[in-house]
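Working notes, structure below.
Protein chains get the first letters and strands the later ones, always in sequence-line order, with residue 1 at the start of each. In this text, all values refer to a predicted model and were calculated from it rather than measured experimentally.
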There are 2 protein chains.
Amino acid sequence: MTTIIAVDTLIFMFNTEDGMILEKKKAFNEFAQSKGLRSTRQRDIILDIFLSTHQHVSVEDLYLKVKASHPGIGYATVYRTLKLFSEAGLAREILLHDGQTRYEHVLAGEHHDHLVCTGCNAIIEFEDETIEKLQDEIAARHGFLIRRHKLELYGLCARCRNIG
Amino acid sequence: MTTIIAVDTLIFMFNTEDGMILEKKKAFNEFAQSKGLRSTRQRDIILDIFLSTHQHVSVEDLYLKVKASHPGIGYATVYRTLKLFSEAGLAREILLHDGQTRYEHVLAGEHHDHLVCTGCNAIIEFEDETIEKLQDEIAARHGFLIRRHKLELYGLCARCRNIG
DNA sequence: AGTAATGTGAAATTGAATATCAAAAGCAGA
DNA sequence: TCTGCTTTTGATATTCAATTTCACATTACT
């Protein structure tokens with residue numbers, strides 16, 4: 001009986017945004033602990049704010065957001081903390097055409113590529129199983145062991161095609 | 001009769017490296033003319049040396065090559081000239097994982113992507129018609145008009161897998 | 001040749017990423 | 001809770017490639 005309630009709760013947690021946030025906080029705490037990192041107010045705040053974002057953020061973006069409510073927190077701390085999130089598996093660095101590193105949220109078991117509008121800078125995520133397979137084949141043909149890949153499509157979104 | 005000889009010569013030109021080089025020089029001269037650019041000794045030299053390379057070169061790489069035979073030519077000139085080649089359609093800028101812009105030769109009607117060995121920095125070019133098509137489909141599904149794309153596979157080549 | 005405009009080279013600037021370091025804060029043990 | 005050691009922080013400096021600047025040289029045109 002107790003077990004069943006716990007399972008329900010767990011499913012609930014994973015299916016709501018709040019649950020996701022709690023889960024990620026837990027994951028980060030575990031990472032921090034395993035690495036012998038200390039728990040600091042700044043990191044908690046930055047994690048909260050990062051988790052509250054939905055787009056791909058640059059260090060600058062997040063720094064500005066953080067500074068708005070916590071003016072004492074410096075750029076370097078945001079920079080270092082985002083790197084930590086990345087190591088912890090909560091965030092992923094993405095480098096697009098404009099040479100600005102952005103961080104996106106990592107969702108469990110998910111991989112995707114990017115469709116970027118050069119007009120309005122919108123970033124759309126997509127996934128294509130067939131492309132992934134073809135990539136593996138190409139790599140195999142050349143004797144490569146693929147570690148990661150990067151597929152970005154640049155163009156104009158429906159809206160920008162009409163405006164621009 | 002005269003016409004037939006001319007056609008033969010043209011085919012010959014396009015099928016040899018020297019012919020390719022002549023063709024590219026001509027293309028650049030036409031571009032320069034259309035843009036009202038002046039013809040300078042430096043640009044001629046840099047074009048010659050660029051056309052003599054076979055790999056993907058960074059500005060630094062080409063600058064060093066140029067300096068070896070023509071010490072008077074500065075970095076900025078090589079930099080600006082490579083940009084010009086790029087505008088003229090002779091070269092294409094490629095940005096790989098290491099944050100160094102490289103220039104590759106543009107061959108008529110050819111498109112390819114890159115397989116990069118993170119062990120020895122070898123760059124292998126490949127082409128996959130199916131992937132291209134899938135990309136177009138994905139773009140269409142999102143109402144995008146694709147201008148360009150970037151597909152890079154990072155991993156270890158056969159040799160580096162064994163060594164490292 | 002004269003002259004107006006473009007090109008060149010050295011050096012300066014930019015912009016993002018990253019490193020430095022003194023001061024502040026967290027943590028384990030007394 | 002206090003101590004002392006270690007990590008973290010925040011401001012600033014450094015790095016590194018890309019790009020711009022500017023005085024001088026060179027080119028195209030008459």
Side-chain angles (χ1 to χ4, degrees), chain A residues 28-50 56-88 91-103 121, chain B residues 28-50 56-88 91-103 121:
Chain A
F28 182 65
N29 286 336
E30 276 163 18
F31 169 81
Q33 188 133 52
S34 78
K35 283 273 179 178
L37 302 179
R38 290 175 179 174
S39 141
T40 71
R41 203 161 32 84
Q42 287 90 333
R43 290 210 269 244
D44 287 346
I45 292 164
I46 295 168
L47 180 52
D48 268 337
I49 296 177
F50 175 66
H56 302 72
V57 292
S58 64
V59 175
E60 180 72 15
D61 290 340
L62 198 64
Y63 168 61
L64 291 176
K65 264 187 202 292
V66 166
K67 204 174 64 165
S69 50
H70 299 84
I73 296 180
Y75 181 94
T77 302
V78 174
Y79 167 80
R80 284 180 295 228
T81 306
L82 275 171
K83 283 253 175 231
L84 277 182
F85 293 167
S86 183
E87 285 174 49
R92 186 185 297 120
E93 291 188 358
I94 56 174
L95 281 97
L96 267 21
H97 63 135
D98 65 355
Q100 261 233 315
T101 300
R102 269 164 242 272
Y103 289 83
N121 286 311
Chain B
F28 183 66
N29 287 337
E30 275 163 18
F31 168 82
Q33 189 133 53
S34 77
K35 282 275 178 176
L37 302 179
R38 290 174 179 175
S39 136
T40 70
R41 205 162 27 86
Q42 288 90 335
R43 289 210 272 244
D44 286 347
I45 292 164
I46 295 167
L47 180 53
D48 268 338
I49 296 178
F50 175 66
H56 303 73
V57 291
S58 64
V59 175
E60 180 72 15
D61 289 340
L62 198 63
Y63 168 62
L64 291 176
K65 262 186 203 294
V66 167
K67 204 174 66 166
S69 50
H70 299 83
I73 297 180
Y75 181 94
T77 301
V78 175
Y79 167 80
R80 283 181 293 228
T81 306
L82 274 171
K83 284 254 175 230
L84 277 182
F85 293 168
S86 183
E87 285 173 50
R92 186 185 296 121
E93 291 189 356
I94 57 175
L95 280 98
L96 267 22
H97 63 134
D98 65 355
Q100 261 232 317
T101 301
R102 268 164 244 273
Y103 289 83
N121 286 312

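Remark: the R38(B) side chain and the dA5(C) base include a donor-acceptor N/O pair separated by less than 3.5 Å. Remark: the R80(B) side chain and the dG9(C) base include a donor-acceptor N/O pair separated by less than 3.5 Å.
Residue T40(A) places its side chain closer to dT9(D) than to any other of dT6(D), dT9(D), dG7(C). Checking dT8(D), dT18(C), dG10(D) against every side-chain atom of L37(A), the shortest atom distance belongs to dT8(D). The side chain of A76(A) has dA19(C) as its nearest neighbour among dA19(C), dT6(C), dG9(C).
What separates NE2 of H70(A) from P of dG10(D) is a distance of 11 Å, to the nearest Å. Rounded to whole Å, atom C1' of dT8(D) lies 16 Å from atom CG of L47(A). Between Y63(A) atom OH and dA17(C) atom C1' there is a gap of 16 Å when expressed in whole angstrom units. Protein atom CG of D44(B) is 15 Å distant from nucleotide atom P of dT26(D), rounded to whole Å. Rounded to whole Å, the distance from CG on N29(B) to P on dT27(D) is 15 Å. In this structure, the CG atom of L95(A) is 8 Å from the P atom of dA17(C), given to the nearest Å. Rounded to an integer number of Å, the gap from Q42(A) CD to dG26(C) C1' is 11 Å. As rounded to whole Å, 11 Å separates atom C1' of dG7(C) from atom CD1 of I46(B).
Residues R43(B) and Y75(B) both approach DNA chain C. Their nearest nucleotides, taken by heavy-atom distance, put R43(B) toward the 5′ side.
Looking at heavy atoms from C-beta onward, L64(B) lies in side-chain contact with E60(B) at the 4.5 angstrom threshold. A heavy-atom distance below 4.5 Å is found between the side chains of E87(A) and L84(A).
Using a 4.0 Å cut-off, some side-chain N or O of T77(B) falls inside it from OP1 or OP2 of dG9(C). The side chain of Y79(A) contributes an N or O atom lying less than 4.0 Å from OP1 or OP2 of dT18(C).
Across all strands, K83(B) comes closer than 4.0 Å only to sugar-phosphate atoms, never to a base (heavy-atom distances). The residue S39(A) sits close only to the backbone: its heavy atoms come under 4.0 Å of sugar-phosphate atoms, none of a base. Residue G36(A) is out of contact with every strand shown, counting any heavy-atom pair closer than 4.0 Å. Within 4.0 Å (heavy atoms only), T101(B) reaches sugar-phosphate atoms of the nucleic acid but no base atom.
A distance-only check finds a donor-acceptor pair linking the side chain of D61(A) to the backbone of S58(A) [under 3.5 Å].
Heavy-atom minimum distance, I73(B) versus Y63(B): O-CE1, 3.5 Å.
Aromatic rings of F50(B) and Y103(B) (six-membered ring for Trp) have centroids beyond the 6.0 Å cut-off, not under it.
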